[in-house]
Asker: 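First, the structure itself, so that you have it in front of you.
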Amino acid sequence: MVRVRFAPSPTGYLHVGAARTALFNWLFARHEKGIFILRIEDTDIARSSEEMSQVILEGLQWLGLDWDEGPIYQSTRISLYQEKAEWLLAQGLAYECFCQPEEIEIRRREIESRGGVWKYDRRCFYLSPEEKKKMKDKGRKRAIRFLVPPGRTQFKDLIHGLISVDHRQIEDFVLLRSDGLPTYHLSVVVDDLDSGITHVIRGDDHISNTPKQILLYEAFGARPPQFAHLPLILGPDRKKLSKRHGVTSLLHYRDQGILPLAMFNFLAQMSWSPGPEERIYSIEEMIKNFSLNRISKNSPIFDLNKLEWLNSRLIKEMKAEELLPWLKPEMIKRGLWHPSLEKERLDWFRRLLDLNKVRSRNLIDLIEALRPFLTDDYEIDPVGYEKYLKNDKLPQLLPRLKEDLAQLNNFEASSLEKVLRQRASAEGVEASLFIHALRVLTLGRTVSPGIFEVLELLGKETALRRMDLEAALKRLPQNQVGSE
RNA sequence: GCCCCUGUCGUCUAGUCCGGUCUAGGACAUCGCCCUUUCAAGGCGGCAACACGGGUUCAAAUCCCGUCGGGGGCGCCA
């Protein structure tokens, strides 16, 4: 039975790179019908917080990654790690170290200034019992270091193949800090062993940690799990994706109107391709097609544009009914929601959505495109005003068109178009003069679905009322009015 | 500096394991055209890559060696 885990440390928000690691673990578990475990690595108490843990859970839930066991909090298991460290000490596989970090730092600098390569010098390993006692009597706190044996560690990475490291490259790393708290290497091995983890799937940045951890498994007399190291997501400058490249928080993208399925596809399609077509794949398809050995070794570059394209494509494919639950909370927040939209006005709303969704890259854009249809509280784009409403003929011709439209009994797109074009040709002007002016007047924007559909959806009363150049002036953004 | 990983269009990738079907396919982006009342969408088309150098072979993007480039790690962080 496959057992995998996602083990974030709650020292910040959920990073998109971490989310991708979680996602691949989850896909693998679901594909193999195994168990996905969530573990919170909060042994660095100073930097961890319960609040951050919650944010991580929220992010996973948003993406649709559910866990079968946990969350296991490492902070509740400290005594177990201490026991294990003591056991290694008793077995002679680890030793006490009384060096202070500052002392080590001085020695390190000295060696490096002479062009050498620093590695912990194993000084405390050679301490006699008397010397150790003296240290303790002086009140020196001890850490426990692992005694790295000579040799070479090899392992077969499921993505990279054979990886081999000489132990001379590995220093006697600390297992238990002088304050009694475990380090990452200890707690991760103890917990993975305890949880029966069969596959460790994590970022490439852990490759160099793996031999240390394998050594620990061996010290405990256990067989190490299989390892799969995922290529790291890079920024546009090809450096590990971080804050300086822009926003890396997963939930930020939710707030920007990205749908979780689009994000899921985007993350999954970095270093992996679910199938031959470029499209949104369903979760089920991805679970079915998932395979670790089809993951690429290359580090992908985070491409926001691709994410938005996937999102726009998903929005376009979704039915109005499917979109509605995602739109509603944000619309409520913006005061654009009304219960009738999912009841008596549902058909109308559906048409409105169908016309607008095709030109939206995210939910927020879509909602803002809906605004002038839902409220009179909208502004007129000053650029559109300058470009389309300042025509000299408009003050004279617009009332005539308005009069024509007022005569219409069926305020429908086809009739509206006919009437407008007739008036334009009667006045000897291009129909586009009216079209552009009406778009800016009725919606405040220069971009929209076809104007005749827009007018129909707006309804006769609203559409005619907005055909007013004087009133339009008042809709310009405040700071623009004064500068005229 | 040392160690490890990695190298196909600007980007994500297919192909690499099991050499020939690859004059290297798709998609995003970009450019042009069509459609058109705007913007999208859609349709059509263009630009654009096997890092380089040696081998092996009848044949190499695919196998081997080297060079160069990129990344990551070298904490009493995780």
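Worth knowing before you read on, the calculation uses all heavy atoms, side chains too, and leaves out hydrogens, waters and symmetry mates. Here is how names work: the chains are called A, B, and so on, in the same order as the sequence lines, proteins then strands, and each is numbered from 1.
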Asker: Would you classify Glu417(A) as touching base, sugar-phosphate or nothing, given that sugar-phosphate means primed atoms plus P, OP1 and OP2, and contacts are heavy atoms under 4.0 Å?
Answerer: nothing

Asker: Hey, does the side-chain of Arg439(A) have a donor or acceptor N/O within less than 3.5 Å of a partner on the base of rU37(B)?
Answerer: yes

Asker: Return the nucleotide paired to rU16(B): Watson-Crick means purine N1 to pyrimidine N3 with N6-O4 or O6-N4, wobble means G-U with N1-O2 and O6-N3, both under 3.5 Å.
Answerer: none

Asker: Regarding Ile451(A), tell me which of base, sugar-phosphate or nothing describes its non-hydrogen contacts under 4.0 Å with the strands shown.
Answerer: base

Asker: If you check every side-chain atom of Asp303(A), which of rC2(B), rA78(B), rU11(B) has the closest atom?
Answerer: rU11(B)

Asker: Looking at every strand, decide which applies to Arg47(A) at a 4.0 Å heavy-atom threshold: base, sugar-phosphate, or nothing.
Answerer: base

Asker: Determine the contact category for Lys239(A): base if any of its heavy atoms lies under 4.0 Å from a base atom, sugar-phosphate if only primed atoms, P, OP1 or OP2 are that close, otherwise nothing.
Answerer: sugar-phosphate

Asker: Quick check: do Arg107(A) and Asp121(A) have side-chain heavy atoms less than 4.5 Å from each other?
Answerer: yes

Asker: Please name the nucleotide paired to rU62(B) by Watson-Crick or G-U wobble geometry with both distances under 3.5 Å, or report none.
Answerer: none

Asker: Would you name the heavy atoms of Lys357(A) and Met318(A) that are closest together and state the gap between them?
Answerer: NZ-O, 2.6 Å

Asker: Fit a plane to each ring of Tyr120(A) and Trp118(A), take the angle between them on a 0 to 90° scale, and name the class: parallel (under 30°), tilted (30 to 60°) or perpendicular (over 60°).
Answerer: perpendicular

Asker: In whole Å, what separates the C1' atom of rA49(B) from that of rG15(B)?
Answerer: 13 Å

Asker: Considering every strand shown, what is the Watson-Crick or G-U wobble mate of rA41(B) when both distances are under 3.5 Å?
Answerer: none

Asker: Look through every strand shown and name the nucleotide pairing with rC68(B) as Watson-Crick or G-U wobble, where both distances are under 3.5 Å.
Answerer: rG7(B)

Asker: Just to be sure I understand the rule, does Ser312(A) reach a base, reach only the sugar-phosphate, or reach nothing, if contact means heavy atoms closer than 4.0 Å?
Answerer: nothing

Asker: Does any donor atom in the side chain of Asp172(A) or Tyr95(A) lie under 3.5 Å from an acceptor atom in the other side chain?
Answerer: yes

Asker: Rounding to an integer number of angstrom, what distance separates rU37(B) and rA41(B) when you compare their C1' atoms?
Answerer: 16 Å

Asker: Suppose you measure atom C1' in rU11(B) against the same atom in rG1(B); what distance do you get, rounded to whole Å?
Answerer: 33 Å

Asker: Just wondering, do Phe6(A) and Trp26(A) contact through their side chains at under 4.5 Å, heavy atoms?
Answerer: no

Asker: Students often get this wrong, so: under 4.0 angstrom with heavy atoms, is His206(A) touching a base, only sugar-phosphate, or nothing?
Answerer: base

Asker: By nearest nucleotide on RNA chain B, pick out whichever of Gln169(A) and Cys97(A) is the more 5' one.
Answerer: Gln169(A)

Asker: Considering only rC76(B), rC2(B), rG72(B), which nucleotide approaches the side chain of Ala143(A) most closely?
Answerer: rC76(B)

